[in-house]
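Here the structure comes first, spelled out in structure tokens, and everything after it is commentary.
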Number of protein chains: 2
Amino acid sequence: MKEATLRDVAEVAGVSPRTVSNVVNGYARVADATRLKVEAAIAQLGYRPNVLARHLATGRSGQIVVVVPYLDTPYFAELLQAIIPVAREAGYNVLIDQSDGDREHEGRLIGNRSHRSLFDGIIYSPLGLSQEDLSGRDPALPLVVIGERTSEAQFDHVGIDDVAASTEAVRHLIGLGRRRIAAIGDQPYPTGEAAQRRTAGFRAAHAEAGLPVDESLVIGTPRFNRVDGAHAMETLLELENPPDAVFCYSDLVASGAIHTVLSRGLRVPEDIAVIGYDDIEDGRYNRPTISTISPDKEAIARLAVGRLVMRINSDEPVPGVDLRAGHRLVARQSTVGSD
Amino acid sequence: MKEATLRDVAEVAGVSPRTVSNVVNGYARVADATRLKVEAAIAQLGYRPNVLARHLATGRSGQIVVVVPYLDTPYFAELLQAIIPVAREAGYNVLIDQSDGDREHEGRLIGNRSHRSLFDGIIYSPLGLSQEDLSGRDPALPLVVIGERTSEAQFDHVGIDDVAASTEAVRHLIGLGRRRIAAIGDQPYPTGEAAQRRTAGFRAAHAEAGLPVDESLVIGTPRFNRVDGAHAMETLLELENPPDAVFCYSDLVASGAIHTVLSRGLRVPEDIAVIGYDDIEDGRYNRPTISTISPDKEAIARLAVGRLVMRINSDEPVPGVDLRAGHRLVARQSTVGSD
DNA sequence: TTGAAAGCGCTAACAA
DNA sequence: TTGTTAGCGCTTTCAA
């Protein structure tokens with residue numbers, strides 16, 4: 001049996017398609033009597049609007065794509081989990097795209113115009129972003145960037161205050177009496193902007209406590225993965241004077257670092273306290289559980305989707321803004337111990 | 001500037017829209033001279049087909065949805081990572097839907113007809129499936145189920161041979177000289193069909209080795225999470241005669257179980273060997289690294305997408321089949337130790 | 001408030 | 001091999 005169309009409904013209700021459309025969309029006001037007739041017909045036929053046709057007519061696809069570097073990285077998976085329901089509520093389907101951390105790919109999607117009919121906007125959570133990455137893009141395509149920030153002001157950024165959050169993390173370690181604090185995850189190059197903000201917070205906390213920063217304790221890593229954390233920690237443990245605490249730029253890094261510490265027969269947090277970043281679920285089950293900076297992922301999702309929808313619905317060009325979501329420090333065993 | 005349409009191209013090339021359509025889709029054969037003209041026009045105008053319009057005209061949306069219980073469960077994330085590129089290659093966009101392990105939700109999506117215009121088929125990876133879950137669904141909507149199997153033969157299943165895989169896992173433990181082997185993850189109720197197949201393999205391995213099964217060592221869990229594993233392990237350790245090896249129905253369960261063992265001051269694998277299931281990336285970084293059954297996720301993805309596409313393109317009803325992907329046992333530290 | 005009708009951009013049956 | 005043309009199902013301008 002074929003699906004009922006709007007025209008069928010109109011016929012049964014004895015009105016014009018136009019009126020049915022009005023009822024379905026609640027656009028214009030419709031006389032109560034007419035509305036009732038139409039609604040009855042809709043129910044009778046089991047009519048459901050054809051979304052595709054609607055999109056063709058309106059020129060909107062009702063889809064947004066969310067680009068993340070990796071799907072199986074807990075932080076991104078959790079971010080997606082927060083975004084999807086919010087988008088759905090706003091009437092958008094979410095297309096998930098994985099960039100594989102691949103610059104080429106990321107650029108390709110944002111730059112080219114083949115999308116047009118496929119999606120109305122992009123929420124983009126890059127691994128690292130350089131100026132050119134975004135400046136070459138199609139300015140007509142609504143875009144909201146999560147996490148990274150650049151000086152360019154033509155699009156929106158959503159994120160937490162990384163500098164403040166990082167400062168709190170390190171302040172927490174200092175408050176615990178630690179004095180030789182290391183940082184794992186610095187990326188002192190153009191695309192490592194997010195990492196650099198954490199490093200800035202790290203320095204700020206030292207400064208406010210009147211503590212010097214031992215530069216040999218600031219370790220760079222190509223990514224924010226477990227292996228990176230494990231390796232960096234090995235480097236730190238080989239120092240003449242190893243640290244008594246470590247600020248890791250992700251929970252994954254922290255997990256790797258802890259792994260190394262424990263396998264050397266040292267204790268966490270007694271010998272070395274470790275704090276991470278992201279508050280991924282894994283951290284709550286790690287042994288020891290991982291202290292962390294917990295970004296408000298729901299707020300990030302709400303802000304990003306809200307802003308994107310606004311952009312999609314606005315005709316004039318919208319100036320880019322910086323939207324801040326909240327965060328909080330969660331102290332767990334890896335810094336304060338078990339009891 | 002407006003986007004160029006197929007009609008524009010036709011005009012510039014001096015041919016009919018029909019011909020342009022043929023060139024773009026490679027349907028009918030087109031004279032070389034005409035093709036060249038058309039291609040030139042396409043290039044000149046920067047024409048890109050409007051996917052939406054095409055879908056409206058063909059009655060296909062070009063999208064498939066993949067339903068997984070949780071996005072942040074590593075196994076499902078990795079599965080999705082395998083499916084997406086395969087689907088894309090086949091010309092389909094993947095819509096990811098999260099069921100939250102919620103029965104209601106799963107049923108709703110499969111059952112109702114509101115999709116029609118939204119997607120052409122579903123790949124469904126349920127947490128557990130009961131007979132009714134699928135029998136009430138719209139038979140016209142192409143569906144491939146990953147993992148679960150039921151006796152119903154109206155749709156396709158893709159999965160590895162769980163019984164054989166589980167047998168291998170337990171055989172591995174027996175081969176290591178273990179004699180009191182526990183199983184964590186049984187679900188002896190209708191929706192626990194996948195779990196039951198693992199239990200069957202567990203028993204089969206015992207049978208073939210002439211070993212009795214101590215029923216008190218078969219522990220049920222509501223889910224396959226870390227917590228479930230951790231709790232079950234506690235139960236096992238409280239037994240008068242605890243096991244010397246454990247077969248866990250997921251790597252997450254294994255991770256939780258190992259957590260418990262270690263926190264009791266026991267060693268893995270010396271005191272208790274642990275093997276998991278799924279081969280999630282996490283297992284390679286766990287301390288100790290986790291031995292596991294590694295399903296061929298790429299094969300699963302290929303089989304599922306291939307079958308779904310076939311179903312979408314076929315007019316007559318297609319009989320359901322059972323498609324088997326490969327698997328292999330990966331021995332890591334949690335069973336064979338560090339060196 | 002509602003009707004008539006012209007598209008949205010593409011496909012495909014029918015003809016030539 | 002290519003052109004003509006009628007939709008796909010919905011929205012929306014213009015009239016009434």
Side-chain angles (χ1 to χ4, degrees), chain A residues 1-39 41-42 45-62 91 113-120 313 315, chain B residues 1-39 41-42 45-63 91 113-118 120 313 315:
Chain A
M1 192 191 83
K2 277 197 50 177
E3 202 82 352
T5 74
L6 184 145
R7 187 173 247 101
D8 298 334
V9 175
E11 211 159 296
V12 171
V15 300
S16 82
R18 164 67 207 251
T19 306
V20 178
S21 179
N22 280 341
V23 171
V24 171
N25 298 299
Y27 270 177
R29 49 174 75 263
V30 179
D32 282 352
T34 339
R35 152 168 300 114
L36 254 41
K37 272 194 302 186
V38 172
E39 280 168 352
I42 289 180
L45 296 176
Y47 167 73
R48 307 195 135 280
N50 180 320
V51 200
L52 228 50
R54 172 178 301 167
H55 290 331
L56 213 217
T58 55
R60 297 263 175 79
S61 74
R113 284 166 29 254
S114 81
H115 50 79
R116 264 308 156 77
S117 49
L118 260 184
F119 47 89
D120 302 332
N313 294 325
D315 311 301
Chain B
M1 192 191 82
K2 277 197 53 180
E3 203 82 352
T5 75
L6 184 144
R7 190 171 246 100
D8 298 334
V9 175
E11 212 159 297
V12 170
V15 299
S16 82
R18 165 67 207 255
T19 305
V20 178
S21 179
N22 280 341
V23 171
V24 171
N25 298 299
Y27 272 177
R29 53 175 68 262
V30 179
D32 281 352
T34 342
R35 152 167 300 116
L36 253 40
K37 272 196 300 184
V38 172
E39 280 169 352
I42 289 181
L45 296 175
Y47 167 74
R48 306 197 136 277
N50 180 320
V51 200
L52 228 50
R54 171 180 301 165
H55 291 330
L56 213 216
T58 55
R60 297 260 176 80
S61 74
Q63 317 221 59
R113 286 166 26 257
S114 80
H115 50 79
R116 265 308 156 77
S117 49
L118 262 184
D120 302 332
N313 293 325
D315 311 303

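Every value quoted in this text rests on a predicted model; they were computed, and no experiment measured them. In what follows, every chain begins at residue 1, and chains take the letters A, B, ... in the order their sequences are listed.
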Any idea which of D:dC8, C:dT1, C:dT11 is nearest the B:L56 side chain? D:dC8

Can you figure out which of D:dT11, D:dT4, D:dG9 approaches the side chain of A:T5 most closely? D:dG9

In whole angstroms, how far is the C1' atom of D:dG9 from the CG atom of A:L45? 15 Å

Counting just side-chain N and O atoms, does B:T19 come under 4.0 Å of either OP1 or OP2 of D:dT2? no

I'd like to check A:V15 versus A:V20 (side-chain heavy atoms, cut-off strictly below 4.5 Å). Are they in contact? yes

Consider the side chain of A:A57, meaning its heavy atoms from C-beta on, and name the nucleotide among C:dT2, C:dG9, D:dC10 that approaches it most closely. D:dC10

Categorize A:S21 for me: base, sugar-phosphate, or nothing, with a 4.0 angstrom heavy-atom threshold over every strand shown. base

d(NE2, B:H55; P, D:dC10) in whole Å: 17 Å

Does B:V23 reach the side chain of B:K37, with side-chain heavy atoms less than 4.5 Å apart? no

Which of these nucleotides, D:dC10, D:dT1, C:dC10, is closest to any side-chain atom of B:Y47? C:dC10

Side-chain heavy atoms of A:V38 within contact of A:I42, under 4.5 Å: yes

Smallest heavy-atom separation, B:R60 atom then B:N313 atom, equals NH1-OD1, 3.4 Å

Would you indicate which nucleotide in D:dT2, D:dG3, D:dG9 comes nearest to any side-chain atom of A:N50? D:dG9

Nucleotide of C:dC10, C:dT2, D:dG9 approaching B:R54 most closely (side-chain heavy atoms): C:dC10

Of all the choices, C:dC10, C:dG3, D:dG9, which nucleotide is nearest to the side chain of B:A53 once you look at every atom? C:dC10

So B:V24, base contact, sugar-phosphate only, or nothing? Heavy-atom distance under 4.0 Å. nothing

Decide yes or no for B:V30 and B:E39: does some side-chain heavy atom of the first lie under 4.5 Å from some side-chain heavy atom of the second? no

Judged by each residue's nearest nucleotide on DNA chain D, which is more toward the 5′ side, B:G14 or B:T58? B:G14

Kindly indicate whether the side chain of A:R18 and the base of D:dT13 share any N or O donor-acceptor pair separated by less than 3.5 Å? yes

Minimum-distance nucleotide to B:N22 side chain [options: D:dT13, D:dT2, C:dT11]: D:dT2

